[in-house]
Amino acid sequence: MKELAEFLGVPTQTIYQMNWKGTGPRSYKVGRCRRYDPHDVRVWLADRSSDAGSKR
């Protein structure tokens with residue numbers, strides 16, 4: 001979660017909140033740790049792009 005927060009440039013607490021609300025990228029529980037697939041994070045970001053609906 002710390003690495004994802006650094007990558008997105010947001011506080012770690014924001015990642016925890018997005019996970020709790022179900023608004024963040026897809027994640028996986030591995031033991032007690034939560035893991036994020038880099039591909040899923042990039043898809044999640046692309047879906048939120050300001051030009052996601054444009055035909056570029």
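Closest of all the heavy-atom pairs between Leu4 and Pro25 is CD2-CG, 4.0 Å.
For the atom pair Arg42 CZ and Asp37 CG, the distance stands at 9.5 Å (nearest 0.5 Å). Here OH of Tyr36 is found 9.5 Å from CH2 of Trp44. Values are rounded to the nearest 0.5 Å.
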If you look only at distance, which donor and acceptor atoms sit under 3.5 Å apart when one is on a side chain in residues 8-21 and the other is two or more places apart or in another chain?
none

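Looking at residues two or more places apart in sequence or on another chain, you find a salt bridge (charged side-chain N to carboxylate O under 4.0 Å, His left out) between Asp40 and Arg26.
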